[in-house]
Every structure is written in C-alpha cells, then in structure tokens.
Amino acid sequence: MRGRERRGRAARRHRSLHPRDAPLARRAGSGGRMSEAERAARRERLEALRARGIDPYPARVGSVERIRDVRDRHEGDDAARLEASSHRVAVAGRIMSQRSFGKLRFFDLVEDGVKLQVSARKGETPDSVLELLDLLDVGDSVRVEGRLWRTRTGELTAAADGLVLLAKSLRPLPEKWHGLQDVEARFRHRHLDLLVNESARRVAFVRSATVRAIRAFLDARGFLEVETPVLQPLYGGAAARPFVTRLHVFDQELYLRISDELYLKRLVVGGLDRVYEIGRDFRNEGVSRKHNPEFTMLECYQAYTDYRGMMELVESMVEHLARTVLGHTRVEYQGKAIELAGPYPRFTLREAIEQATGIDILECADFASLAAAARAKGLDPGQAPTWGRLVDHLFGEHVEPTLQQPTFMVDYPVELSPLAKRSAEDPRLVERFELFVAGMEIGNAFSELNDPDDQRARFVEQRDAARAGDDEAHPMDEDYLRALEHGLPPTGGLGVGVGRLAMVLADAPTLREVELFPHLRPEPPQ
RNA sequence: GGGCGCGUAGCUCAAUUGGCAGAGCAAGGGACUCUUAAUCCCUAGGUUGUAGGUUCGAUUCCUACCGCGCUCACCA
C-alpha cells in the first residue's frame, strides 16, 4: 500500500511538469487524499491527547481481567441480578466499532477475539471519560473499568466509569462488514486479516492446535523432541535445490536445510532411539497451492521398527489430531467429505499406476520402454529425465489427484529413495510409503537404510545423477556415512508436512492460508 | 516461464453501445438515552495499477510493463 502511494506521489511530481496537468495537480495538492486526511485526523487527536498530558502509548496497563473470563462468569446472570449485585470489572481490548445516540454511546471492546460491549451515558459517566472518548478512534486499545449491566436486548455491557488509552491507532481498520477481501492485502498485511476476518483467526488456531496435538501424541509415545541445525555445511535428506548462505567468521558456505533427516538419524545412532523435530525446511523451488519455499516439517525416527511401524504411527496420529483439534474424524475438505479414522487402504505404486494408466512400471523397467509405453497409451511423459522420475510423473499426474481419502502408497523405486532400505523381495524397490489425503502428499516414511555400504553406493549413484545434470540429486555425505558405520539400528522414519495437514484440518484451499506469512513476490520499488 | 482473468475512494463494490466516475462502510460536521452492519441530514474524499496508442472524447478499445488470482509447466 505504501508502495502505491510512493508511486502516486512520484507520478504526480513527474506529470506536473506538463502544463495541461496543472489544475489537477493543484487539486490534488490542496485537497489531499482521503487516507491522508483520515490519518491526519487521528494524528490531530493524538496531539490533542498529548497536549492534555495523556500518554498515548503508556507502559503500564494495570490489572485487568480477560474478557473471556468476564463473559463466562456472567453468562447466566440476567439484568436484575447484575443490577442487584453491581459487578465491577476492569478489562482491556481494542475498540472495534462504535455507535452513538447523542447522550448514550456504545462501543465494542475486543480482546483475543472476544467482545464486550461498553457504554457511556451523559449525566452518569464521569466527564473525564466522555472527554477522552471524544479523542478515541476505532482501532485504539483501551482499558475500561465499570459496572456490568444488561441492555434490553440482553447484551452484557460494561458501563464505563474509568477509561485509559493504552495505544493509539493511526490508521483506519478495513471495512467492518465485508472485512478485508483482497487476497494480496490479506497476506501482505496479515495483522489486518487477523483483526477483521474471523476465518483467519480460526485457521491460525487450527494450525497451532495441530502442532500442539502432534507434540502431545509423540511425547506420549516416548519420543524426545530435539532441535537440529538449520544451517548445514551439506544439505540432504530430500531431493530439492537448497538455499545457500554464508557464515562470515569461518568464511564458510552453508545451506539452509531441506530436511532434518540425516541429523536425526545420527541421534538414533547415538542412542536417542525415539526422536522428533518440528521445524522449518527450505527448498529453493516453485511456489504453488501446496508449496511454499519454507515450510514446517515434522520428522520422527523410531529405532527397532520399520516402515510398517511408521504406518501405524502416522495413521494413529492423524486420527488423533482430528479428534483433538476438531473433535471428530470426518472432515469436510473443500466440499468433499474425508474420513480420517484409520485404517487407511494401501496400494503399491505399481498397482496404482497400472490401474490408472494400464502401464506396469516393473514390466517397463527402463526409461526408454516406460516412455514408449506412456506414449503408446497417449500419455504425456513430460520432461522426466529418468525412469524413476517418469514413474513419479505418471503417479503425480494420474494417481495422486484421485487420492482424496487417506491412502498409503507403498513400494517405491529405489532410484527415488536413496535413503530407504531396499525391499527384501525386489531389489528394485524400497520399503517406503507415502500418505495421501485430499490429493496431496501429507507424509513420507521408510525403513531407514542402515547398511553403510549400500548407502555409499546410493550416494555414488546420486553423484552420477548430479553430474548428468540432476540439480536435485543427493550430495555425498561422508560424515553421515561414518555415523552409519558405527551402526544405525533398524529404524523407521517419518516426515509429515505440517502445513498440508493443517490445510486438511482447517479446510484451507491453499498452503498460504495456513502459513501466517506466505512468501510473496516483493512489492515493486517506487 | 506459458495461457486465462482481474486491478475504480482507506475498505467492499457499481458505472448502458466509448459520452460529466457512483454507492455503502470508514472519515469530518449535525440530530438522536437500549444500539450492536444503529438510523437520519450535510460535507469531504478519485490523474480509474503504470506508460503509450486509437478517438472529438477512454474506467470502457489496442500495445507494453507492474502487481494479484486461477491454471499449466516446475516442484517428494
């Protein structure tokens, strides 16, 4: 918004060089813009307050009760009862609206999303309060002291006899009835979105409750919450391009992590047998409905189990989250009913792709034959450079969008999973599953590869892929191999996209809605 | 990056085939002692995203650019 104003002023300066624009320039100069006029009016009141010796931004609030508690306590008290007992309260909040009737005025005080109506009446309310009220605006924070009563319409109301300004607001709030609709403005000025759009608050609470419930669930199962480096000398644990940064004191190039995986497994080697981390990962790639350059990932690792253990874990966890956060497991997501109670159906990647496309990926076990099979079926093989990536492409294109109900896909090609243990039945596959809900990948897990020699061979393959131009190939990590050589017990590992899970629970259409500050293109200069 | 759509007052939205750019909320002034989207009267607030072009005349048509949305590509 500021950018637009800057542009406007710059344009005006520029255009005023043209004589034909002189009358318009004069009008703009003398009349001023409405936004500036309203802000000027608020500033005038701010100065008027200061002139009276009132600090518009005092340091102390004084004791107050939470509005929520006041409402709860007096929920059942009718007008007569309040009148008889003369309850006094002191509360603080933001003025969100006001209504004036000459000698009687009301305003709504909101604190943490809960409203309490306040009244002031000429002849009853102290003059000092009425005078201060004249200098207040919608948006200001105040402390109110007064006696509780109920209006004829039954609204619990505090008759103010004490009023203290706590913070002056210098800009108007968005429209009170429609709220803030402009998507860009909602994300760029999230504070306004939260202030005037109830749904924004709801989503923030659902996400927070989801994270809290994840912690409670894992803590109860004996997992230890840990924190591992965000700044890593070598990134890994996923196929993605990293962000690069630099530590000046060591003149060291560092990467923002793309996953926590390799560090968490080092901890399992170290005897922390059940660990988890909820943290931000950073992937230097596209932004979409389901992707943000930084996002929150839950990763947990449990020794002495495998991917089947993780399947049970994530199934129980998702069901638990729905019950805890929403109170039920049947959710409505973008108009479709989704049942989050387990058990979830399981399909192999092979059978799912075959069912959707008629192509058996294990029959067409090399890139050329698989690409040919795809073309024969009239399918676009896209730009996938390898067999594994083509499998991924076919799956993403023809299977993933259909997986609305929670579904496990199992048995992935080894090429796509350099950190997963090879399947005992088929060395082309690994013991891995992904969980899909609402057409999105929510979770990813495998039996962790703990054979250091096989791991080294996989890293070498990745290095070859990188040399062949795969900029998402996993880098060789000697330090991690060294940890594996000390012996990683059989371990199941799981990653869950917390934001995507929150999308499902909050019925949010995009990841940006559950991300308080989604990444936006920078505002243009001038 | 490609395609489609959008950009009008602080906010939410109008504007006929190209013919003086409007309303509600918010703001300023006034009336009003039970409202809660209060109501009523008055006032002010706009280079219609930016820059060009066509035209007697452009919010409207054309081009480019900027931004946003959807979508495709990309992306575990």
Nearest-Å distance once atom [atom1] is located in both [N] and [M]:
{"N": "G45(B)", "M": "G22(B)", "atom1": "C1'", "answer": "13 Å"}
{"N": "A64(B)", "M": "C4(B)", "atom1": "P", "answer": "11 Å"}
{"N": "U16(B)", "M": "G69(B)", "atom1": "P", "answer": "28 Å"}
{"N": "A9(B)", "M": "A14(B)", "atom1": "C1'", "answer": "13 Å"}
{"N": "C42(B)", "M": "C32(B)", "atom1": "C1'", "answer": "16 Å"}
{"N": "A23(B)", "M": "C41(B)", "atom1": "P", "answer": "13 Å"}
{"N": "C74(B)", "M": "U55(B)", "atom1": "C1'", "answer": "44 Å"}

Report which part of the nucleic acid [X] touches: base, sugar-phosphate, or nothing (heavy-atom distance under 4.0 Å, all strands).
{"X": "Gln181(A)", "result": "sugar-phosphate"}
{"X": "Lys290(A)", "result": "nothing"}
{"X": "Glu400(A)", "result": "nothing"}
{"X": "Ser100(A)", "result": "base"}
{"X": "Leu173(A)", "result": "nothing"}
{"X": "Gly179(A)", "result": "sugar-phosphate"}

Can you give me the N/O atom pairs linking the protein to nucleotides 22-25 of chain B at distances under 3.5 Å, or say none if there are none?
from, atom 1, to, atom 2, distance (Å)
G24(B), N2, Glu175(A), OE2, 3.4

Return whichever of Glu434(A) or Ser97(A) has its heavy-atom-nearest nucleotide of RNA chain B closer to the 5' end.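 So the residue in question is Ser97(A).
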Phe106(A) on top of U35(B)'s base, within under 5.5 Å and under 30°?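 Here the ring of Phe106(A) and the base of U35(B) are stacked, with centres under 5.5 Å and planes under 30°.
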Are the charged groups of Glu448(A) and Lys265(A) less than 4.0 angstrom apart, N to O?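 Looking at Lys265(A) together with Glu448(A), the answer is yes, because their closest N to O distance falls below 4.0 Å.
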Considering only U12(B), C75(B), G28(B), which nucleotide approaches the side chain of Glu472(A) most closely?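 Of U12(B), C75(B), G28(B), C75(B) is nearest to the side chain of Glu472(A).
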Using the side-chain heavy atoms of Glu155(A), tell me which of these nucleotides is nearest: A26(B), U35(B), A27(B).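 Comparing A26(B), U35(B), A27(B) against the side chain of Glu155(A), the answer is U35(B).
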Please tabulate the protein-to-nucleotide N/O contacts below 3.5 Å involving nucleotides 68-70 of chain B, giving atom names and distances.
from, atom 1, to, atom 2, distance (Å)
C68(B), OP2, Arg521(A), NE, 2.7
C68(B), O4', Glu184(A), OE1, 3.4
G69(B), OP1, Arg512(A), NH1, 2.1
G69(B), OP1, Arg512(A), NH2, 3.0

To the nearest Å, give me how far apart CG (Asn284(A)) and P (C75(B)) are.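 Rounding to the nearest Å, CG of Asn284(A) and P of C75(B) are 13 Å apart.
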Can you measure His291(A) atom NE2 to U71(B) atom P for me and round it to whole angstrom units?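 After rounding, the reported distance stands at 12 Å.
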Would you confirm whether Arg428(A), through its side chain, and Glu415(A), through its main-chain N or O, come within 3.5 Å as a donor-acceptor pair?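 No.
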Only one of Phe347(A), Phe436(A), Tyr344(A) clears ring-ring contact (aromatic ring centres under 6.0 Å, His included) with Phe408(A); which?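 Only one option passes, and that is Tyr344(A).
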OP1 or OP2 of A27(B) sitting under 4.0 Å from any side-chain N/O of Arg45(A)?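 For Arg45(A), the contact criterion (side-chain N or O under 4.0 Å from OP1 or OP2 of A27(B)) is not met.
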Looking at A76(B), does its base get a donor-acceptor pair with the side chain of Asn444(A) below 3.5 Å?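 In this structure, the two groups form a donor-acceptor pair.
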